[in-house]
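Comments concern the structure below.
Note that the coordinates shown come from a computational prediction; the quantities given were computed from them, not determined experimentally.
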Amino acid sequence: MANYYSDHPELEFHLHHPLMKRIVELRERNFEDKDKFDDAPVDYDDAIENYRRILEITGDIAANVIEPNSESVDLEGPHLENGRMIYASKTFENLEATRKAGLWGISMPRRYGGLNLPNITFSMASEVIAAADAGFQNIWSLQSCIDTLYEFGSEEQRQRFIPRICEGETMSMDLTEPDAGSDLQRVMLKATYSEEEGCWLLNGVKRFITNGDSDLHLVLARSEEGTKDGRGLSMFIYDKRQGGVSVRHIEHKLGIHGSPTCELTYKNAKAELCGTTRMGLIKYVMALMNGARLGIAAQSVGVAQEAYNEGLAYAKERVQFGQKIIEFPAVYDMLSRMKAKLDAGRSLLYQTARYVDIYKCLEDIQRDRKLTPEERAEMKKFTRLADAFTPLAKGMNSEYANQNAYDAISIHGGSGFIMEYKSQRLYRDARIFSIYEGTTQLQVVAAIRYITNGTYLEIIREMLAEEVGTDMKDLQARIAKLVGMYEETVDAIKAENNQEKQDFVARRLYEMTADIIMSLLILADASKAPELFAKSAHVFIRHAEEETTGHYNFIKDFRAEDLAYYRQIEMAE
């Protein structure tokens, strides 16, 4: 029987990374739960076995329930009835299967009914479910919104709301509005405190809300009258049981049909404050969005894997001119690049997830006791690494999912354009990944300061100094040459001190950064498990050489006055 976890040994490899020992130690707090909860691990090996068991359960449900339902969900989609969103029929089966398996409240402490799993495990489960149906992964993975309530809500709120999510109730984050897409400072949904009701009342419209008719909502609203920027925004908890919110419209989308995207109308909807006023955008949404971006990276890797699977299976069977098409260089070149991008992107995703785990665990410990100086230094280090890696993981994996889905259709030829083949659905689903939760362009904006202040270069140098396998020394030397090009390029852009030119070439600098970091990550993986990653290491590093050299030459020869050729004619007029 198929299993979307155990069928891919690359996932198991990442479960045994050296940082996992520290993650488990911090997450389990020296296994203090072992005497309070029957399912709590007693040591490191027990914890890893627990993670594996949960991932195998997830992989089984993904392969044998969610994936078989995916075509029906894609065709039916959600619909609107009397101001309420109704999921596609098979989505209810998916929800029931994941609830029965206990796959909700994954990240929450056991005292609230959660599984207390680290982010790396949640990311793996997200990848597996996304491979089966990216639309359902949206619904399921939004349970991670509860992390924000756990971090910033009161203990009384935690006790009321977290057990409900652990039992399988759904969540959404209501941020976007008709006039506030990426520019969330323009959010105008009004929050007014009512002395009579003893609560906050929300009024206005939210648009493009994923899973918008969920049980619990985290809502960004303007609590400070007369303000027009982010300092007037606060975060609120809206409970669907309270009423006051109706679904005005469900968007008809290109892909991820099973994931309802709603326009919501708030009319005196009762809500309660999460945390303190004025911190909604400045602090809480930033935490929420970083988690969501890692979730999209996992979703992207899942679809990239499934696209590769579809392309490979078809290429092995399809015969043209008396040969299976996998024997044609044009086809195996495409497949090898798909696999290399998948393996390198996955390594970037899980390295980022591990960094997030360490600093988040230390933040959680800090709520209960004062950290030691060593722990504070560790938290600072891994916060910095997570902040630097997250925009790379989200941006690059979302682009790779699109590229793999595109190539899967190309391998299928005309059949890939036919609706009966899965590759067309993967292509439609993938297109949103580089748009929502921050476009790739916004990931570039988030990353550029780490490029210009030398953070990435420092990380790259540390990674380059690590020991690799004897057979990998040549690849390491080739990466070192790319690092030299990268450093020269960054220094030249900084020295020129032209903001418009820097903004113009930022995407190329971003891709150079990501190519080098992913090359170093896949090189390290190949040193430890050559049977899994050696081929991908060779292919990806050659891809990185091709792309990095091209960007190096473009930026080196690009003059500030050349910008005039790229500006729109309409702008000049």
Practice task
Indicate whether any N or O donor in one side chain lies under 3.5 Å from an N or O acceptor in the other, for Ser70 and Arg425.
Solution key: yes

Electrostatic pair Arg507:Glu511 at N-O distance under 4.0 angstrom: yes

Give a yes or no on whether a salt bridge exists between Glu151 and Lys360, defined as a side-chain N under 4.0 angstrom from a carboxylate O. yes

Using distance alone, with no hydrogens and no angle criterion, decide if Asn3 and Glu56 have a side-chain donor and acceptor under 3.5 Å apart. no

### Query
Have Tyr4 and Gln305 got a donor and an acceptor in their side chains that come within less than 3.5 Å?
no

| query | Hey, what's the ring geometry for Phe389 with Tyr355, parallel, tilted or perpendicular (30° and 60° as the breaks)? | reply | perpendicular

- Pair Lys501 + Glu496, salt bridge at N-O below 4.0 Å: yes

Review point. Strictly by modelled atom types, are Asn138 and Thr210 linked by a side-chain donor-acceptor pair under 3.5 Å?
Key: no

Discussion item. Do the side chains of Arg110 and Glu28 get close enough for a salt bridge, i.e. N-O under 4.0 angstrom?
Written reply: yes

May I ask you to test the His538-Arg542 pair for a side-chain heavy-atom distance under 4.5 Å?
no

**Asked** Is any side-chain N of the basic residue among Asp343 and Lys535 closer than 4.0 Å to the acidic one's carboxylate O?
**Response** no

*Worked verdict on Leu457 versus Val483 for side chain to side chain contact (heavy atoms under 4.5 Å, CB included)*: CA-CA 8 Å; Leu457 187 58; Val483 176; 4.2 Å; yes

In this structure, is the centre-to-centre distance between the rings of Phe554 and His551 below 6.0 Å?
no

Judged by modelled atom types alone, do Gln403 and Arg337 share a side-chain donor-acceptor pair under 3.5 Å? no

Checklist line | Pair Asp562 + Arg559, salt bridge at N-O below 4.0 Å | finding: yes

Next on the checklist: Can you confirm whether the side chains of Tyr486 and Asp515 place a donor and an acceptor under 3.5 Å from each other?
Outcome noted: no

Do we get Lys21 above Tyr44's six-membered ring, with its NZ or CZ under 6.0 Å from the centre and within 45° of the axis? yes

(message) Strictly below 4.0 Å, N to O, side chains only: are Lys381 and Glu378 in salt-bridge contact?
(response) no

Do Tyr552 and Glu488 meet the criterion of a side-chain donor-acceptor pair at a distance under 3.5 Å? yes

